[in-house]
Amino acid sequence: MDDKKRMEFLAKELDFHNYRYHVLNSPTISDSEYDSLFHELLELENKHPQWKDKSSPTAKVGSSPLEEFSQIKHSTPMLSLDNAFSMEDIAAFEKRIRNILADYQPEYSLELKLDGASVSITYEHGILTTAATRGDGNTGELITENIKTVRDIPLNLNHIPGIDSIPEKITVRGEILMYKSTFNALNSTRLEKGEQVFANPRNAASGGLRQLDSRITAARKLNFFAYNISSITFEGKKDLPYHTHADCLAYLNRLGFRTSTKHRVTSHHSDIEKFIYETEEERNSYDFEIDGVVLKVNSLDIQAELGHTARAPRWAIAYKLAAQQSFTTLKEITNQVGRTGIITPVAELEPVIVGGVTVSRATLHNYSETYKKDVRIGDTVIVQRAGDVIPEIVGPILENRSASFEKPAIPTECPECKTRLEASDNLISIYCRNKKCPAQISAKLIHFASRNAMDIESLGSKNVERLISLGLLNNLDDIYQLNNHQSTLESLDGMGEKSVQKLLEGIEASKTKPLYNLIFALGIPGIGARTAIDLSKHFKTLDKFMHATYDELINIYGIGEIIAREIEMWVESEDNRSLIQNMLSLGLSPTEEPENTDNRFAGKTVVFTGKLELFTRDEAEKIVEDFGGKSSGSVSSKTSLVVAGPGAGSKLQKAESLGVQVISEEDFKRLVEE
Ligand code: IVH
């Protein structure tokens, strides 16, 4: 094969593998095979620049910088969308449409509203020719070279001979975004280099799109989701290959574009509601940011009949989800002492609503990050809260900074016990090493009594702090001596005979909690509820656990070197050994791991979904494993049983569609207690 033919062949091959990899998520060659084809083409293009194709896959690495962007007028304006903030707004939209359509309820096509930057891309005879930003909706900036670097944008359109013909000209619109995983990696590199971090993936994506040097755009690793075709023409032919929005999305897929990963067509209000609730629930599990759901009339003829206003189409509406970031003022930075003595800087904020709840405090993680992000008291800061994750400070808005705002000082003494603090050189960990520090003791006791630990309901933070100040609690074993202070307890404000009895009963019941609850409750650094279960399954008795060695620990699945060392250190410490001895002599007697005899879940895979009220999720999964089964996070045809609690969404639906047996949490309890 001569070089010219080889170049054409390589370009075609690479286009095909790009599509398999980025759009279908199912590559048929390895990354290194891809790289070697890619480099072969690069070399041939260097040797014969005159044969280099404008839409060669090597454009994905970017090309030399532009002086400035040219402006380009959009062939049809890039409109905005009207917003809905409640189900009532959605119902009102449906009613409006029904009124115009003389009582006819049309089908709706539902998809995700992607939170990025919109672009318009034009192909002529299947080849990418121009691409533009939205700009003011009428005129945008020409960013063709940048768009060519986006890996899931085809430079040449696919077509299936016999089914589709290549359009003479087509303009595809969609959203450029940055995956959360890409964003996190980018930000941690920037933080390490002392560069300003991006507030969110959207800013990183739209900034990346407007680079004069397309090699910088390429390095941002952006992605693209197409959401419509604004114009299309075929040579000598008038009919469109699609008549509904859903078919248009399928056509876009055939041409080689990725579209919304979640999509449904329905004419029922209840399905629309369900789609929105499901999306809300799944939102944080996606690797890209969404800010809503878009509802579009499915039939393109009806869309045309409804038309649009100057701002937005009448046939679509965006249901907006609660923003997961807000701005507010940082009033103060306080220091919180954790149960291991670690000091965490906490931002005290002017209260603000984020992700649907009011936030007045947010973590700054540690002083290393606080300094790298250059957060100062008085700053306007970005607060972020995603799902159940604790609120955090993303960074300051430098435009609002005044010269008088000072860098926060590194604490030198413990805010509680005034002990001099020990700081690591990189400031990542600052410790109060005073074992008697009241803040540590109370954090340790509160953790010990918490639900996933020993579950002593009456021993919440308020009572723990009172009992510490009375000198009744200094260490965990003191909990098991509170019964000697019954009259003191009863004399406390608001405590009374009944509540003291409840407290003491709770404490008594905790003595025989399963071993994994105890291991978790001890607050050994790095041991969460799941690791506690793994340890308990392995050691089976408290005595064996207290003799754990590094070599044995490191061989347990899921336990790494750092945790193995922490545990070994913990069980070898004299203080901890005598703590356990004291608790044992005060009646502590954890329920040991049963030898597996009952294998009622053998060969079965169980999925828990929705809110559980009788068990914690870890407990429920452990029960399944104890009975020889497996628990899994996702439903497939291999799932044997789904246990669904309130709020169960897509997993429940999937189970129903696959015909997998679904039971309630109560049924599950009955099943395991039989
Ligand atoms: S359709 C004429 N679909 O949201 C219809 N837009 O707030 C125009 N967006 O400018 C848009 N995901 O950038 C549509 N699935 C989606 C979308 C989507 C995100 C953006 C788009 C638009 C903005 C309007």
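Order of appearance sets the numbers: ligands from 1, and atoms from 1 within every ligand.
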Whether H263 and H245 hold their rings parallel, tilted or perpendicular, with breakpoints at 30° and 60°: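 Ring orientation of H263 relative to H245: perpendicular.
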Look at the aromatic rings of F288 and F225 and report parallel, tilted or perpendicular, splitting at 30° and 60°.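 The rings of F288 and F225 sit tilted, inter-plane angle from 30° to 60°.
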Using modelled atom types only, decide if a donor and an acceptor are shared between the side chain of Y123 and the backbone of P154 within a distance under 3.5 Å. yes
Run the salt-bridge test on D82 and R311 with the 4.0 Å N-O cut-off and return the result as yes or no. yes
Is the shortest distance from a Lys or Arg side-chain nitrogen in D291 or K320 to a carboxylate oxygen in the other one below 4.0 Å?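 Result for this pair is yes, salt bridge flagged.
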Short N or O contacts of ligand 1 with protein, under 3.5 Å, listed by atom name?
{"residue": "ligand 1", "atom": "3 (N)", "partner": "K296", "partner atom": "NZ", "Å": "2.9"}
{"residue": "ligand 1", "atom": "4 (O)", "partner": "K113", "partner atom": "NZ", "Å": "3.1"}
{"residue": "ligand 1", "atom": "7 (O)", "partner": "K113", "partner atom": "NZ", "Å": "3.3"}
{"residue": "ligand 1", "atom": "12 (N)", "partner": "L114", "partner atom": "N", "Å": "3.0"}
{"residue": "ligand 1", "atom": "13 (O)", "partner": "S118", "partner atom": "OG", "Å": "3.3"}
{"residue": "ligand 1", "atom": "13 (O)", "partner": "E175", "partner atom": "OE1", "Å": "2.7"}
{"residue": "ligand 1", "atom": "13 (O)", "partner": "Y227", "partner atom": "OH", "Å": "3.2"}
{"residue": "ligand 1", "atom": "15 (N)", "partner": "E111", "partner atom": "OE2", "Å": "2.7"}
{"residue": "ligand 1", "atom": "15 (N)", "partner": "L112", "partner atom": "O", "Å": "3.0"}

Aromatic Y179 / basic K221 pairing, under 6.0 angstrom, 45° off normal: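 So K221 doesn't make the cation-pi contact.
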